[in-house]
Amino acid sequence: MRVVYGIGSAVPAHERSLACRYGGLVPAEVEIAPIAVEEFERLLPLISAYQRFYEVESIDEDRNRTFFRRFLGPSQDGLLLGARRDGRLVGYACLYWHFSSLEACECVLMNDLFVSDEARGEGVGRALIEAAADVARERGVPFVEWSTAPDNHTAQRLYDSTGAERSEWFSYELRV
C-alpha cells in the first residue's frame with residue numbers, strides 16, 4: 001500500500017488544514033502520493049513542461065531522467081510528489097531536504113511545483129502544497145519554503161492564500 005497524502009473525500013473538512021485557512025475547495029478526486037519507480041517516465045513530460053514554462057533554453061530529457069531519479073523514495077536528497085486525477089499525473093512537486101542555519105534545523109524546500117494546463121485552478125497546486133506540509137510534519141521539520149518568479153502572479157495568489165508568509169529575502173544566482 002502506498003502512502004497517500006491527505007486530500008480525499010474521506011478526509012473530513014476540518015482536517016484539511018490549508019482548506020480551513022483559505023476556505024476554498026480541495027478536489028476529492030485528486031490523489032497526492034510519492035512518484036513510484038514504475039510511473040517515473042510518465043513524470044518526465046511534466047518536468048519538461050515546467051522547464052518550458054520558465055523558458056529553459058535546452059531541455060534535456062536524459063539529464064532530467066538522471067537528475068530527478070535521485071528523488072524517488074527512499075531518498076536522502078528529497079521526494080517527488082505526484083498529483084493524479086483518474087490515475088493520470090496532472091501535477092508534481094519536487095521536495096529537497098534542506099537546512100536553515102538561521103533556525104539551526106532541517107526544513108523542506110519545495111523547489112518545483114507544477115500543474116498541467118488542464119488541471120490549473122482546480123485545487124491541485126493547493127493539494128500539493130498541503131502534501132508538502134504533511135511531509136515536513138512527518139519529518140519533524142518546522143517549515144516548508146519555496147520561491148517563485150516575480151512575474152508569476154497566478155502562483156503568488158495561490159501561495160498568498162495558503163497562510164504562508166512572503167519572505168523579505170532576495171535570491172541571487174552566480175553562474176560559475
Side-chain angles (χ1 to χ4, degrees), residues 2-36 39-40 42-56 59 64 68 71-73 78-98 107-139 141 143-167 169 171:
R2 293 176 43 203
V3 175
V4 176
Y5 293 95
I7 309 302
S9 57
V11 178
H14 69 278
E15 291 182 13
R16 298 179 190 172
S17 60
L18 282 180
C20 290
R21 276 188 239 135
Y22 65 75
L25 297 175
V26 176
E29 71 277 2
V30 173
E31 173 193 308
I32 309 293
I35 295 290
E39 67 183 339
F40 178 68
R42 292 193 309 266
L43 174 66
L44 292 173
L46 286 178
I47 291 170
S48 294
Y50 172 78
Q51 292 169 332
R52 277 191 301 280
F53 179 84
Y54 280 110
E55 300 176 354
V56 171
I59 296 170
N64 283 344
F68 284 96
F71 300 112
L72 293 173
L79 180 68
L80 285 166
L81 290 174
R84 297 156 193 83
R85 187 170 52 203
D86 300 322
R88 198 170 125 275
L89 283 170
V90 294
Y92 81 97
C94 185
L95 310 179
Y96 294 2
W97 311 147
H98 195 57
C107 57
V108 173
L109 172 64
M110 185 171 61
N111 200 65
D112 306 341
L113 175 68
F114 182 77
V115 176
S116 62
D117 288 339
E118 70 271 9
R120 287 194 186 141
E122 298 178 8
V124 175
R126 226 178 272 285
L128 283 162
I129 292 169
E130 178 60 29
D134 285 346
V135 168
R137 283 189 281 277
E138 287 175 10
R139 290 183 66 80
V141 304
F143 61 91
V144 177
E145 64 181 347
W146 65 90
S147 58
T148 191
D151 62 348
N152 192 344
H153 301 291
T154 302
Q156 290 171 40
R157 279 191 300 278
L158 168 62
Y159 302 155
D160 290 342
S161 74
T162 65
E165 294 179 20
R166 190 179 290 232
S167 172
W169 292 83
S171 294

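Just the heavy atoms: all of them, side chains too, but no hydrogens, waters or symmetry mates, feed the values below.
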Looking only at side-chain N and O atoms, does Y159 offer a donor or acceptor that is under 3.5 Å from a partner on S147?
no

So do the side chains of F68 and D112 get within less than 4.5 Å of each other, counting heavy atoms only?
yes

Nearest heavy-atom pair of S116 and L46: which atoms, and what distance?
CB-CD2, 4.2 Å

Going by heavy atoms in the side chains, are N64 and Q51 under 4.5 Å from each other?
yes

Salt bridge (charged side-chain N to carboxylate O under 4.0 Å, His left out) between R157 and D160, worked out
CA-CA 5 Å; R157 279 191 300 278; D160 290 342; over 6 Å; no

Taking every non-hydrogen atom, the tightest pair across A131 and L81:
CB-CD1, 3.8 Å

R84 and V124, any side-chain heavy atoms less than 4.5 Å apart
no

Mind listing the closest non-hydrogen atom pair of Y54 and A149 along with its distance?
CE2-CB, 3.6 Å

Can you tell if the side chain of I129 reaches within under 4.5 Å of the side chain of L158, non-hydrogen atoms only?
yes

Looking only at heavy atoms, the pair that brings G125 and V115 closest together is N-CG2, 3.6 Å

Show me, pair by pair, the donor-acceptor contacts under 3.5 angstrom made by side chains of residues 85-92, not counting sequence neighbours?
residue : atom : partner : partner atom : Å
R85     : NH1  : E122    : OE1          : 2.1
R88     : NH2  : E118    : OE2          : 2.4

Specify the closest pair of heavy atoms between V144 and A133, including all atoms of both residues, with the distance to one decimal.
CG2-CA, 4.0 Å

Spatial distance of atom CG (L128) from atom SG (C94) [nearest 0.5 Å]
11.5 Å

Got F40 and L80 here, is their nearest side-chain heavy-atom distance under 4.5 Å?
yes

Any side-chain heavy atom of V108 within less than 4.5 Å of one from W97?
yes

Spacing of CG belonging to L79 relative to CE belonging to M110, to within rounding of 0.5 Å
12.5 Å

Compare every heavy atom of A155 with every heavy atom of T148, then report the nearest pair and how far apart it is.
OG1-CB, 4.0 Å

Roughly how far apart are W146 CH2 and N111 CG, rounded to 0.5 Å?
13.0 Å

